[in-house]
Amino acid sequence: MRTPQQPSLFDEMEIGGAPAAPRGGEPRVRPGPAGSSLPNPPDASPQPSLFAGEEPTVVLPEGYRVVATGAALAALVARLTAVPRFALDTETTDLDPMVGRLVGISFSPAVGEAFYVPVGHSVGRQVPWHRVAEALGTLLGDPARAKIGHNLKFDLRVLERAGLRVSGPHWDTMIAAYLVRAEGGHGLKECARRYLGREMQQFEDLIQQGRLAIQQMEVGAVARYACEDAEATFALREALAPRLAETDQEAVFRLECELVPVVAQMETDGVAVDVATLEELARALEEQLVAKAEACFAAAGQRFNLNSPRQIGAILYGSLGLPASRMTATGPSTDEMALRELAGQHALPGRILEYRELNKLLTTYALALPRAVSPITGRIHPGFHQIGARSGRFSCAHPNLQNLPKDSANTIRRAFVAAPGHVLLSADYSQIELRILAHVSQDPALLAAFQAGEDVHARTAADIFGVPLAAVTPEQRRVAKGINFGLVYGMSPQGLAAQLSIPVPEAERYASAYFARYAGVKTAMADILRRARAQGFVTTITGRRREVSGLKAPDGRARGQAERQAINAPIQGSAADVIKAAMVRLAPRLPEFGARMILQVHDELVIEVPEERAAALREVVVSIMEESPAPGFRVPLRVDTQIARAWS
DNA sequence: TTACTCACG
DNA sequence: ACGTACGTGAGTAAG
């Protein structure tokens, strides 16, 4: 693997005496407010060809064209102007759009037809970038023309960095492919194989063939590859559109495509982090960790690798002879629940738990997060994956900021801060999944509880224990809260019992008391299961589909798991639909406040806004998020907000 | 690469 | 009797 510290052979190479393109060595730090995207044109100086005097080695297939002259560029614009939609694809020097520079853009206005516009090659003839941008800008910004792309988020970010804004409507073939079929890969090449029966040239083959970085390769070779990408993408749209219709997922597809530019913006803007706070925390944790490790070794009577579950198991269940309660696939478990059970019998298990807590904070957060800060912007730019979760939720990675510790005892979230002069506005849905359940079930008692604005856990407690609302004890509310969480997860009495640390028969009594009071919920769940068994899938309020297999499995455990998935997916997935739709409605309102959406954590949105506009924006955010998400959705939605310098 | 553990909603 | 609920990503060990 290459690292920025180890430039390849080719970085030293200069062609035709022109200076090599500037590379990542000198990061231009862009401090301050969330990334106002400075123009960042590709490294595009036309240079004498490395291959001057040689015959072109690549013959383009019929229908593919290189756009390397002003006349060809005009012809491309005319051709694209004549069609209602076209596919586009970008070639870049890096897969990270924060780092990669534009090498070329390919377009396809029809099946069998594609154009490649080289803009960042270091060899061969090409039209200067400012002329390309000028010629294509209007077209790409035209809201009357649909842009088709495979993972458009990437191309939008790269083009934006190069100074070209691409407006919708967007038609993302990767998202379409995922909605049509979640299993298997969703790369362009795989999709072309599956839906077009085509075997495409792999990127690795292109690179290996030239043994050069893409921007240094002969334009013709890249053109052949890039044209195929754009053209296959165009063809994919035609193959996938009818499948989206067959599965009744046009509405959710439209939602996801409208979300693409919103997510692109969120990733590009990133979030500011106070590295000094994290470094200070890391130092403190390291100190505590050493002491805790020594305490563990003292209790164990020997030294061992505290990060190895296997070695911990050998000590606890071998040397110390403690009884193993829970098993994993490969041996006795040392997870938190297992160690808690042993805590009364020996000092070691409790100390291991304390060690693990510190170690998690140190390695996963305090040490790892500073490494994720971009040297280019000084901010962290996590990837938000619209199709990352089967339920319809986002997933978040590199780093995952959706699972930062929430415990007020630590300072991890406090290290996430607003830019100078700004604050973070956090807005989260209250009880969104239970409200979805109320809507889906139309259970009168649950609907009434929300419409009355009651504390729903207390209401549930009052109902299942048969006491007045005002008389509910904290313990009763705790049990009711467990029930309500359990409902969303497709609860089993066993799971409920384990979660609440109560006997199974008691959990069974609570569950039946609940379903007696909320009979609509019981019948709604039975309906979902019946339909799931008949159709093989469940759906959300927006029509997002999730296939569920195993509902007819003879193995009770497998069947139970499938049933819980079938119950949970419409609830979790509808909640995802609700917040995604709110993001789409909210995004166009943010510029007037100078604000940017920077994080989404399932039921929470975090927005960075100039301090003096925060109060005004809060009203807008709340009113948009609380809007009814669908016709006939009568459960009131409630959004709580916080405004602070930091995310905590 | 797989298994385990653990952070979040 | 049941292997302890739904959905994720990351760090580490060990093969």
Side-chain angles (χ1 to χ4, degrees), chain A residues 304-313 324-339 341 352-353 355-369 371-372 382-385 387-407 410 412-413 428-434 437 482-505 507-508 511 538 546 548 555-573 575-576 579 599-604:
Chain A
F304 58 101
N305 186 346
L306 273 163
N307 296 324
S308 167
R310 177 186 293 195
Q311 292 185 35
I312 289 174
S325 52
R326 301 157 48 80
M327 296 296 288
T328 70
T330 55
S333 171
T334 71
D335 71 8
E336 182 176 346
M337 212 176 296
L339 296 190
E341 283 181 36
I352 291 174
L353 285 175
Y355 171 87
R356 280 187 177 160
E357 187 180 346
L358 295 171
N359 191 51
K360 181 81 174 177
L361 276 176
L362 177 66
T363 59
T364 306
Y365 303 109
L367 291 180
L369 290 172
R371 288 198 293 263
F384 285 92
H385 305 288
I387 56 176
R390 304 285 276 245
S391 59
R393 277 185 176 181
F394 280 95
S395 76
C396 178
H398 310 302
N400 182 0
L401 296 190
Q402 290 185 325
N403 73 345
L404 297 187
K406 212 181 178 301
D407 191 340
N410 76 72
I412 303 288
R413 282 191 194 219
D428 65 294
Y429 281 108
S430 163
Q431 306 291 352
I432 180 80
E433 292 187 337
L434 276 183
L437 180 61
I483 295 250
N484 282 331
F485 272 104
L487 287 169
V488 168
Y489 294 148
M491 123 175 101
S492 67
Q494 296 76 23
L496 181 64
Q499 190 61 34
L500 292 175
S501 310
I502 58 176
V504 172
E508 282 170 340
V538 291
R546 172 160 184 181
V548 182
D555 171 17
R557 203 163 68 77
R559 196 173 61 248
Q561 184 171 357
E563 288 174 351
R564 294 192 294 273
Q565 279 178 1
I567 295 294
N568 175 259
I571 300 172
Q572 190 179 121
I579 193 168
L599 296 170
Q600 193 260 35
V601 192
H602 309 313
D603 63 357
E604 175 187 14

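Atom set for the values below is all heavy atoms of this structure, side chains included, hydrogens, waters and symmetry mates excluded. Every chain is numbered from 1, with letters handed out A, B, ... down the list of sequences.
A:Y489 has its OH atom 15 Å from the P atom of C:dT4, to the nearest Å. Between A:Q499 atom CD and C:dC6 atom P the separation is 12 Å, expressed in whole Å. C:dC6 atom P lies 17 Å from atom CG of A:L434, rounded to whole Å. Rounded to whole Å, the distance from CD1 on A:I571 to P on C:dC6 is 13 Å.
By the side-chain contact (heavy atoms from CB on, under 4.5 Å) test, A:Y355 is found to be paired with A:L289, A:K292, A:A293, A:C296, A:L306, A:N307, A:N359, residues two or more places apart in sequence or in another chain being considered. A search for side-chain contact (heavy atoms from CB on, under 4.5 Å) contacts involving A:I387 returns A:M174, A:I175, A:Y178, not counting sequence neighbours. By the side-chain hydrogen bond (donor to acceptor under 3.5 Å, both in side chains) test, A:E357 pairs with no residue at all, sequence neighbours left out. When the side-chain hydrogen bond (donor to acceptor under 3.5 Å, both in side chains) test is applied to A:Q565, no partner is found at least two apart in sequence or on another chain. The side-chain hydrogen bond (donor to acceptor under 3.5 Å, both in side chains) test applied to A:E508 returns no partner, not counting sequence neighbours. With sequence neighbours excluded, the residues forming a side-chain hydrogen bond (donor to acceptor under 3.5 Å, both in side chains) with A:N484 are A:H457, A:T460, listed by chain and number. Residues satisfying the side-chain contact (heavy atoms from CB on, under 4.5 Å) test with A:R356, not counting sequence neighbours, are A:I312, A:T334, A:L339, A:I352. In this structure A:A338 satisfies the side-chain contact (heavy atoms from CB on, under 4.5 Å) test together with A:Y317, A:S325, A:R326, A:S333, A:D335, sequence neighbours excluded.
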Would you be so kind as to tabulate the donor-acceptor pairs closer than 3.5 Å made by side chains of residues 389-397 of chain A, with sequence neighbours excluded?
residue, atom, partner, partner atom, Å
A:S391, OG, A:R393, N, 3.4
A:S391, OG, A:Q572, OE1, 2.8

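Contacts of A:A329 with the nucleic acid, taken as non-hydrogen atoms under 4.0 Å apart, involve only primed sugar atoms and P, OP1 or OP2. A:R356 comes within 4.0 angstrom of sugar-phosphate atoms only, judged by non-hydrogen atoms across all strands, and of no base. At the heavy-atom level, A:Q311 lies under 4.0 Å from the strands shown only through sugar-phosphate atoms. Within the 4.0 angstrom heavy-atom criterion, no nucleotide atom of any strand lies near A:V488. Here A:G486 lies in heavy-atom contact (under 4.0 Å) with a base.
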Query raised in the report: Where each pair must be Watson-Crick or G-U wobble with both distances under 3.5 Å, what dot-bracket representation of DNA chain C is obtained, with crossing pairs in [ ] and other-strand partners as |?
Result: .....|||||||||.

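Using a 4.5 Å heavy-atom cutoff, the side chains of A:H602 and A:I579 are not in contact.
Of the P atoms belonging to C:dT4 and B:dC4, the separation is 13 Å, rounded to the nearest Å. When the P atom is compared between B:dA7 and C:dG3, the two are found 25 Å apart, to the nearest whole Å.
The outermost nucleotides of DNA chain B lying under 4.0 Å from heavy atoms of chain A, listed 5' to 3', are B:dA3 to B:dG9.
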Query raised in the report: Which parts of nucleotides 7-12 of chain C does protein reach within less than 4.0 Å, heavy atoms only, written one letter per nucleotide 5' to 3' as B for base, S for sugar-phosphate only and - for none?
Result: BSBSSS

